[in-house]
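Residue numbers begin at 1 in each chain, while the letters A, B, ... track the order of the sequences. Atoms considered below: every heavy atom in the structure, side chains included; atoms not considered: hydrogens, waters and symmetry mates.
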Protein chains: 2
Amino acid sequence: MANIREIARKAGVSVTTVSRVLNNHPYVSPAKREAVLKTIKELDYSPNINAVHLSRGKTNMVGVVLPTINHPYFSELLEGLAKEAIKHNIQLVLFQTGYQQEKEFEALEQLRGHLIDGVIFTSRAIPFNLLLKYKDDGPIVLCEDSDQDEFPSISIKHEDAFNLGLEYLISMGHDRIAICLGRLEGANSQKRQKTYHQKMEIIGHLVHDEWVIGDCLVIQDGKRVMDRYLKMEEKPTAFLVGNDQVSAGMITEATKYGLAVPGDVAVLSFDNHPISEIMAITTIDIPTNQLGSYAFRAFIKRSENSKYAEKITLPFKLIKRKSV
Amino acid sequence: MANIREIARKAGVSVTTVSRVLNNHPYVSPAKREAVLKTIKELDYSPNINAVHLSRGKTNMVGVVLPTINHPYFSELLEGLAKEAIKHNIQLVLFQTGYQQEKEFEALEQLRGHLIDGVIFTSRAIPFNLLLKYKDDGPIVLCEDSDQDEFPSISIKHEDAFNLGLEYLISMGHDRIAICLGRLEGANSQKRQKTYHQKMEIIGHLVHDEWVIGDCLVIQDGKRVMDRYLKMEEKPTAFLVGNDQVSAGMITEATKYGLAVPGDVAVLSFDNHPISEIMAITTIDIPTNQLGSYAFRAFIKRSENSKYAEKITLPFKLIKRKSV
DNA sequence: TTGTATGCGTTATCAT
DNA sequence: ATGATAACGCATACAA
């Protein structure tokens with residue numbers, strides 16, 4: 001309840017001196033510094049940070065937009081962000097969107113309201129032109145393989161990574177390949193589907209509509225995929241899967257039905273998260289953690305230079321295990 | 001960049017009127033309201049929330065202390081919290097501690113600094129007497145089976161739940177039972193160990209030191225546990241495991257070595273999270289999500305009544321599947 | 001219904 | 001080295 005003025009009065013100094021002590025400024029005599037510190041302790045004082053923020057004009061907090069934290073991809077990414085944020089003494093404020101645009105706008109509005117100094121999108125649902133309106137409100141960073149030059153962005157080249165997966169499956173003798181993606185309408189999924197169709201055309205293979213499966217995000221979705229597979233008239237011999245969680249669910253379910261992996265059906269996924277190692281899933285390693293670190297550094301650069309808009313792409317690599 | 005004063009000037013009204021429009025107060029003529037709204041739109045104005053907070057004396061944000069979000073237990077709990085927080089139009093600010101006390105103090109310091117209106121501990125590492133010092137700085141809620149009356153708390157009765165697990169294993173013919181816990185020094189773990197030793201004594205069975213395994217939190221820890229099991233001279237016939245993740249890792253690893261579950265070794269865990277269903281793990285359901293909801297409601301009650309300190313315990317139940 | 005003036009708790013400027 | 005005072009942007013008691 002105590003404030004800086006009260007401290008000043010009791011310590012027999014001015015508020016300026018108290019503020020100087022609080023912020024470790026030079027030019028405060030040891031005697032007065034001592035007196036101030038003593039009073040602060042006595043009154044159990046601590047500064048009202050809202051006032052500090054208002055006065056300073058910034059908060060040292062940045063928003064992180066993500067669909068859910070209840071998924072290894074995003075929690076890994078977040079750890080990368082957090083690791084870097086700590087170095088810069090900056091707090092992360094999370095915005096769990098569940099892919100709801102409304103929630104993303106909430107983050108952007110907090111940016112406008114000076115509650116946070118910037119926003120990092122680990123995933124985005126709002127259209128680009130609406131995002132653009134917030135360009136001047138503070139640093140914004142995108143974790144996406146994007147086709148724009150307004151904001152800095154960090155990602156892997158999704159088309160290339162998807163191609164790598166397809167080519168590996170083909171090299172292992174598969175030509176009847178199905179794919180499992182997240183939200184089919186998302187930018188990344190669109191790119192992946194395009195890549196898929198192109199590649200299938202090259203090897204001269206028609207694509208069955210039911211071989212493109214959406215909404216594959218968590219382990220339970222893998223079960224759903226296998227159930228669907230069992231009912232297919234035209235069965236693929238391999239699946240290229242958007243993330244390890246779904247693969248894990250698929251393989252577990254397949255095993256239940258006595259299907260051999262990769263004998264009856266091969267599975268290749270993305271991420272190289274712990275579960276893929278445990279279950280010996282062949283996967284394409286995505287440096288998810290690093291993605292986060294780089295994203296945060298991009299935020300810092302953008303803070304220092306409001307024109308900074310570099311597109312950074314990180315490497316990925318195939319991890320051969322036992323599911324293909 | 002624009003502020004309320006500028007809006008007032010351009011709209012030809014007082015700052016008070018602008019503030020009234022902003023906060024939907026009555027007693028503003030439609031004409032002036034219109035003028036203000038128009039100017040706000042023109043200047044692309046939005047309020048500086050720090051100033052609002054400073055002026056109002058509160059922020060509508062509460063801190064959530066948790067070891068990591070990269071774990072189903074905590075992300076589930078968090079979802080329960082978030083669901084409720086949304087209803088009250090309150091932002092959650094996460095403090096990932098990694099069980100570092102320092103991080104928990106950070107949350108408490110933000111409470112003191114009026115940056116957040118309260119703190120919810122989903123897990124706690126700092127000693128109680130230090131926590132107590134923050135009692136008057138704002139509402140604090142504990143998610144723990146605690147023995148205190150200063151703060152409201154939400155939890156299940158860990159002793160009872162652990163007993164239920166032990167009794168079920170015993171009823172299935174096991175008497176050589178090992179346990180896997182999280183941080184052995186934590187309050188919950190202590191209670192569970194005590195329960196374990198008591199029960200083992202009742203059935204007249206000595207406990208081997210190596211049958212109490214700590215640091216079991218994630219799926220990889222399950223692998224470690226099984227590796228250790230294989231080297232034991234005195235092998236248990238069953239494991240009571242602190243959470244489903246660890247069970248999943250154990251079972252996967254056991255299967256690799258040709259061990260039958262539950263034939264060679266039975267596994268019973270806690271949580272009833274998705275992976276336990278997928279892998280048919282027998283588990284004790286913890287209403288993790290509800291735990292979060294209740295915790296948030298306790299925060300609200302404590303905000304309204306600074307004496308409120310109810311201890312709420314939620315029910316748990318055994319889910320019989322195929323790992324015991 | 002509207003406006004003036006003051007307060008919220010700090011930092012920063014500018015003297016001295 | 002120190003302090004008086006003006007911002008920071010908003011809410012609100014009070015007056016009109």
Side-chain angles (χ1 to χ4, degrees), chain A residues 1-37 39-40 43-61 89 109-117 137-138, chain B residues 1-40 43-61 109-117 137-138:
Chain A
M1 248 7 210
N3 63 21
I4 204 177
R5 236 179 323 266
E6 197 173 343
I7 302 295
R9 197 166 44 73
K10 290 226 183 193
V13 301
S14 71
V15 292
T16 310
T17 299
V18 177
S19 179
R20 285 197 179 104
V21 172
L22 252 20
N23 296 285
N24 286 318
H25 282 182
Y27 301 119
V28 176
S29 72
K32 300 216 169 189
R33 180 182 303 276
E34 216 37 60
V36 168
L37 289 175
T39 313
I40 285 176
L43 298 194
D44 195 31
Y45 163 81
S46 103
N48 181 315
I49 305 179
N50 292 307
V52 176
H53 289 172
L54 176 59
S55 192
R56 279 210 229 281
K58 66 170 190 162
T59 64
N60 280 2
M61 304 197 289
N89 196 26
E109 286 303 324
Q110 292 206 7
L111 178 61
R112 298 200 60 192
H114 299 265
L115 243 192
I116 52 183
D117 296 338
D137 292 316
Chain B
M1 243 16 204
N3 62 24
I4 203 177
R5 236 179 326 269
E6 198 173 341
I7 302 296
R9 196 169 43 73
K10 290 228 183 191
V13 301
S14 72
V15 293
T16 310
T17 299
V18 177
S19 177
R20 286 197 179 105
V21 172
L22 251 20
N23 297 286
N24 287 317
H25 283 183
Y27 302 119
V28 176
S29 71
K32 299 216 169 187
R33 181 183 301 276
E34 215 38 61
V36 169
L37 289 175
K38 179 161 165 270
T39 312
I40 285 176
L43 297 195
D44 197 28
Y45 164 82
S46 101
N48 181 315
I49 305 178
N50 292 308
V52 176
H53 289 172
L54 177 58
S55 194
R56 281 210 227 279
K58 65 171 192 163
T59 64
N60 280 1
M61 304 197 290
E109 286 304 324
Q110 291 207 8
L111 178 62
R112 296 199 61 193
H114 299 265
L115 242 192
I116 51 183
D117 295 338
D137 292 317

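The distance between atom OH of Tyr27(B) and atom P of dT12(D), rounded to the nearest whole Å, is 16 Å. Put simply, CG on Leu54(B) is 12 Å from P on dT11(C), counting in whole angstrom units. Atom CZ of Arg56(A) and atom P of dT10(C) are 11 Å apart (whole Å). The distance from atom CD1 of Ile4(B) to atom P of dT12(D) is 11 Å, rounded to the nearest whole Å. A straight line from NE2 of His25(B) to C1' of dA11(D) spans 8 Å, rounded to a whole angstrom. The separation between Leu22(A) atom CG and dG3(D) atom P is 15 Å, rounded to whole Å. In this entry the distance linking CG of Leu115(A) with C1' of dG9(D) reads 13 Å, nearest Å. Per the geometry, CD1 belonging to Ile49(B) stands 15 Å off C1' belonging to dA11(D), to the nearest Å.
Within 4.0 Å of Val13(B), counting heavy atoms only, lie sugar-phosphate atoms of the nucleic acid but no base atom. Backbone-only contact: Asn23(A) has heavy atoms under 4.0 Å from sugar-phosphate atoms and none from a base. Within the nucleic acid shown, Thr16(A) comes within 4.0 Å of at least one base atom, counting heavy atoms only.
Side chain Arg5(A) to base dG7(C): no donor-acceptor pair is found below 3.5 Å. Judged by atom type and distance alone, Ser55(B) does not reach the base of dT12(D) through any side-chain donor-acceptor pair under 3.5 Å. The base of dT1(C) does not come close enough to the side chain of Thr17(B) for any donor and acceptor atom to sit less than 3.5 Å apart.
Checked against dG9(D), dT5(D), dT10(C), the side chain of Ala51(B) finds its nearest nucleotide in dG9(D). Residue Asn48(B) places its side chain closer to dG9(D) than to any other of dT10(C), dG9(D), dT13(C). Candidate nucleotides dT4(C), dT2(D), dC10(D) were compared by shortest atom distance to the side chain of Arg20(A), and dT2(D) ranks first.
Residue Ser19(B) places at least one side-chain N or O under 4.0 Å from the OP1 or OP2 atom of dA11(D). Remark: Tyr45(A) is in phosphate contact with dT10(C), judged by side-chain N or O atoms under 4.0 Å from OP1 or OP2. Checking the phosphate oxygens (OP1, OP2) of dG9(D), a side-chain nitrogen or oxygen of Asn3(B) falls inside 4.0 Å. Considering only side-chain N and O atoms, Lys32(B) lies under 4.0 angstrom from the phosphate OP1 or OP2 of dG3(C).
A donor-acceptor pair is defined here as one N or O able to donate and one able to accept, closer than 3.5 Å; no such pair exists between the side chain of Ser19(A) and the backbone of Val15(A). A side-chain donor-acceptor contact under 3.5 Å links Asn3(A) to the backbone of Arg5(A).
When each of Val18(A) and Ser29(B) is assigned the nucleotide of DNA chain C with its nearest heavy atom, Ser29(B) is the one assigned upstream, toward the 5' end.
Each of Ile49(B), Val52(B), Thr59(B) was checked for a side chain to side chain contact (heavy atoms under 4.5 Å, CB included) with Leu115(A), and the lone residue meeting it is Ile49(B).
When all heavy atoms are compared, the tightest approach of Ser46(B) to Gly113(A) is OG-N, 4.0 Å. For Ala51(A) against Leu54(B), the heavy-atom pair with the smallest separation is CB-CD1, 3.9 Å.
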### Message
side chain to side chain contact (heavy atoms under 4.5 Å, CB included) for Val36(A) and Arg20(A)? Distances and angles first, verdict last.
### Response
CA-CA 10 Å; Val36(A) 168; Arg20(A) 285 197 179 104; over 6 Å; no
